[in-house]
Protein chains: 2
Amino acid sequence: MKFDDRIPIYYQIKQYFYQQIITQQLQPGDKLPGVRQLAVDLTVNVNTIQRALQELITEGVLFSKRGLGNFVTTDHDTIKQLKHRVVSGQVAWYYHQLEKLGLSPASMQQALADYIEEENHDPKS
Amino acid sequence: MKFDDRIPIYYQIKQYFYQQIITQQLQPGDKLPGVRQLAVDLTVNVNTIQRALQELITEGVLFSKRGLGNFVTTDHDTIKQLKHRVVSGQVAWYYHQLEKLGLSPASMQQALADYIEEENHDPKS
DNA sequence: GTTAGTGTCATAGCTTTCTATTACACTATA
DNA sequence: TATAGTGTAATAGAAAGCTATGACACTAAC
């Protein structure tokens with residue numbers, strides 16, 4: 001897995017699991033791969049995996065059964081809140097970054113619209 | 001100045017100067033405060049200021065006159081490109097983060113619109 | 001020429017993050 | 001009860017970033 005070397009890896013791994021859960025690629029009650037396997041898959045050390053998982057467990061997003069594995073919470077409300085928290089966080093971050101750069105709300109929306117337009121220049125032919 | 005402790009301070013200082021220049025609070029040819037003064041203002045060490053400035057100089061955004069100070073480039077084209085680079089970068093980042101979270105382009109625009117709506121709930125009375 | 005203000009550089013030490021490695025604890029099952 | 005698969009934990013070392021500090025080089029003005 002590719003990491004942004006300006007941000008701690010364990011933090012990026014947390015974001016990765018957020019994504020997996022929010023997009024339902026990991027569903028409530030699902031068992032995660034073993035920590036040693038995750039370490040191989042994400043090309044990091046077991047301790048780094050562990051640090052990320054530990055925080056997710058503290059947040060109630062995952063739970064651990066010693067000797068069995070780590071699992072996604074079965075509390076649908078927690079997952080709903082997680083999704084809201086993560087998405088809202090991204091939007092707020094975007095808004096305030098562009099605000100600092102002097103853009104008006106209308107300009108922000110226009111900039112996004114323009115970017116989406118570009119992304120759609122059919123990659124066929 | 002407040003810093004996000006997940007990101008190197010020198011990197012955040014670079015962003016700060018980008019903002020200052022893009023919003024024209026620092027204009028072409030302007031002299032920056034001395035490095036020792038900046039260190040006090042931003043509550044970091046001179047070496048950390050130096051590292052940020054050095055990269056900005058390498059990028060051509062600033063130039064240094066030994067014994068005199070650091071100055072904003074007078075090349076308007078460089079500044080124009082900087083603005084485009086920084087704003088585009090933010091938009092692209094936002095788009096891809098939300099894409100990873102499973103949102104459609106339409107949902108992204110809606111989420112931004114909703115946030116702007118919230119921000120405008122008149123804070124008066 | 002001296003002084004004050006400026007950029008530049010180097011060293012040493014601290015903290016955080018990450019790695020490698022080893023060990024221990026628990027669960028299920030043959 | 002032995003074994004394989006799992007989570008958990010501790011240690012030591014490397015690398016990056018930040019700080020504190022001191023020194024040096026250049027410019028302008030007295």
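Since the model is a prediction, treat every value here as computed from it, not as a measurement. Convention: sequence-line order gives letters A, B, ...; per-chain numbering from 1.
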How long is the line joining [atom1] of [X] and [atom2] of [N], in whole Å?
X     : N      : atom1 : atom2 : value
A:Q50 : C:dC24 : CD    : P     : 18 Å
B:I49 : C:dG7  : CD1   : C1'   : 13 Å
B:Y11 : D:dG17 : OH    : P     : 12 Å
B:Q54 : C:dA10 : CD    : C1'   : 15 Å
B:Q37 : C:dG5  : CD    : P     : 12 Å

- Query: Does the side chain of B:S64 get closer than 4.0 angstrom to OP1 or OP2 of C:dT8 through an N or O atom?
  - Reply: yes

- Message: What's B:N70 touching, base or sugar-phosphate or nothing? Going by heavy atoms closer than 4.0 Å.
- Response: sugar-phosphate

- Item | B:L53 side chain reached by B:L32 side chain, heavy atoms, under 4.5 Å | yes

- Would you say A:N70 and A:F63 make side-chain contact, with heavy atoms under 4.5 Å? no

- Query: Where the side chain of A:N45 is defined as all heavy atoms beyond and including C-beta, which of C:dT19, C:dC26, D:dT19 is the nearest nucleotide?
  - Reply: C:dT19

- Query: Under 6.0 Å from the six-membered ring centre of A:Y11 and within 45° of its axis: does the NZ or CZ of A:R51 meet both?
  - Reply: no

- Message: Whether the side chain of A:R36 and the base of D:dG7 hold a donor-acceptor pair under 3.5 Å is what I'd like checked.
- Response: yes

- Task: Would you give the length of the straight line joining atom CD1 of B:I21 to atom CG of B:D30, rounded to the nearest 0.5 angstrom?
- Result: 9.5 Å

- Nearest nucleotide by nearest heavy atom, which residue falls closer to the 5' end of DNA chain D, A:G69 or A:N47? A:G69

